[in-house]
Amino acid sequence: MANNDLDGFKLDQRHGKARVRVTRVWRTNHGGNHFMVEWNVSISLISDCLNAYVSDDNSNIVATDTMKNTVYVMAKQCSERLSVENFAILLAKHFTSYYKQVNAAIIKIVEKPWERVSIDGQLHTHGFKLGSEKHTTEVIVKKSGALQLSSGIEGMSVVKTTKSGFEGFVRDKYTALPETRERILATEVTASWKYSYESVASIPQIPLYFTEKYMDVKRVLAKTFFGPPNEGVYSASVQSTLYQMAKAVINSFPDISAVHLEMPNIHFLPANISSKDNTIVKFNDDVYVPTDEPHGTIEATLSRTWSKM
Ligand SMILES: O=c1[nH]c(=O)c2[nH]c(=O)[nH]c2[nH]1
């Protein structure tokens, strides 16, 4: 945040516009495919506008309404498809270069997962349906061109019906959980990873580079969580699986310097139902009670030791 000394006080401040929703359609001529994205953009500017706070002087304020309009202007100017990351960088670069008082811009975008539909096995030219997990990005650009870029996934719900257990944990007078080598493992992965590019000028100029990278990271996360299609892979804990997933991402992508994973342990409880006299349902690894809450919370960041994340 811009910090300014005020007679023994320091004011850190930023302002911006949150949740600006925009859709961009790219049409190809002569009955070709249409492409669309829907982005939810949040902008935050760190700027020299102290007088607005302390002297009722708004002369240095970039109005948040102007920021909102800029999203639509920039979307209009993007005549070619681009990744959500590149759109965020474009916006951030605009704010930091167009306004002298803006020192840094923080842009966060969540992309809605519209996917091309397939009708009778054929991809539709202009029809889309909503998928599940969302592609996210967060970009910080300073006036100097210094860049921090991270991307992520929100809401990747995954479950496997075996090859999961939890044993050897602390047992004391509060512990009721039995040890097991057979349970359902379910989670909703939130991931974010930091790219190692440190300036706007150094990012790859390959079109849709970060879109492809997002798909690749998602594939690596899923492959590591599930294991091979027939054998799967045994999970000794959510912690262990999380670590394997994070390690696979770092090992697969040289330009990713750190990855953060949040993997709530979403419990499927064994269904055991008894009356005072009878067992009505006895659990035999077959009937479960799905739950949302409470759930375990397990998260970690894995970084290369030279990373600054
Ligand atoms: O994979 C797990 N990790 C835990 O930390 C934990 N705690 C718990 O009750 N069940 C599980 N499962």
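Just follow the structure's listing: the first ligand is 1, and inside any ligand the first atom is 1. Given the structure is predicted, the values throughout are model-derived calculations rather than measurements.
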Checklist entry - Which of the atoms of ligand 1 are close to N265, meaning less than 4.0 Å from one of its heavy atoms? => result 2 (C), 10 (N), 11 (C), 12 (N)
Checklist entry - Can you list the atoms of ligand 1 that are under 4.0 Å from a heavy atom of S237? => result 1 (O)
Checklist entry - Would R116 count as a cation-pi partner of F35, with NZ or CZ less than 6.0 Å from the six-membered ring centre and within 45° of the ring normal? => result yes
Next on the checklist: Considering both backbone and side-chain atoms of F166, is one of its nitrogen or oxygen atoms within less than 3.5 Å of a nitrogen or oxygen in ligand 1?
Outcome noted: no
Checklist outcome for this item: Here the atoms of ligand 1 under 4.0 Å from any heavy atom belonging to L177 are 8 (C), 9 (O), 10 (N)
Item to check | T96 side chain to A105 backbone, donor-acceptor under 3.5 Å | outcome: no
Checklist entry - Against heavy atoms of V238, which atoms of ligand 1 measure under 4.0 Å? => result 1 (O), 2 (C)
Next on the checklist: For H124 and H126, take the angle between the two ring planes, folded into 0 to 90°, and tell me which bin it lands in: parallel under 30, tilted 30 to 60, perpendicular over 60.
Outcome noted: perpendicular
Item to check | Side chain T297, main chain P264, donor-acceptor under 3.5 Å | outcome: no
Item to check | Contact check, side chains of W114 and L130, non-hydrogen atoms, under 4.5 Å | outcome: yes
Checklist outcome for this item: Per-atom filter on ligand 1: closer than 4.0 angstrom to a heavy atom of Q239 are 1 (O), 2 (C), 3 (N), 4 (C), 5 (O)
Checklist entry - Are any non-hydrogen side-chain atoms of N265 and H267 less than 4.5 angstrom apart? => result yes
Next on the checklist: Please work out, at 4.0 Å between heavy atoms, whether the side chain, the backbone, both, or neither of R183 comes within that distance of ligand 1.
Outcome noted: side chain
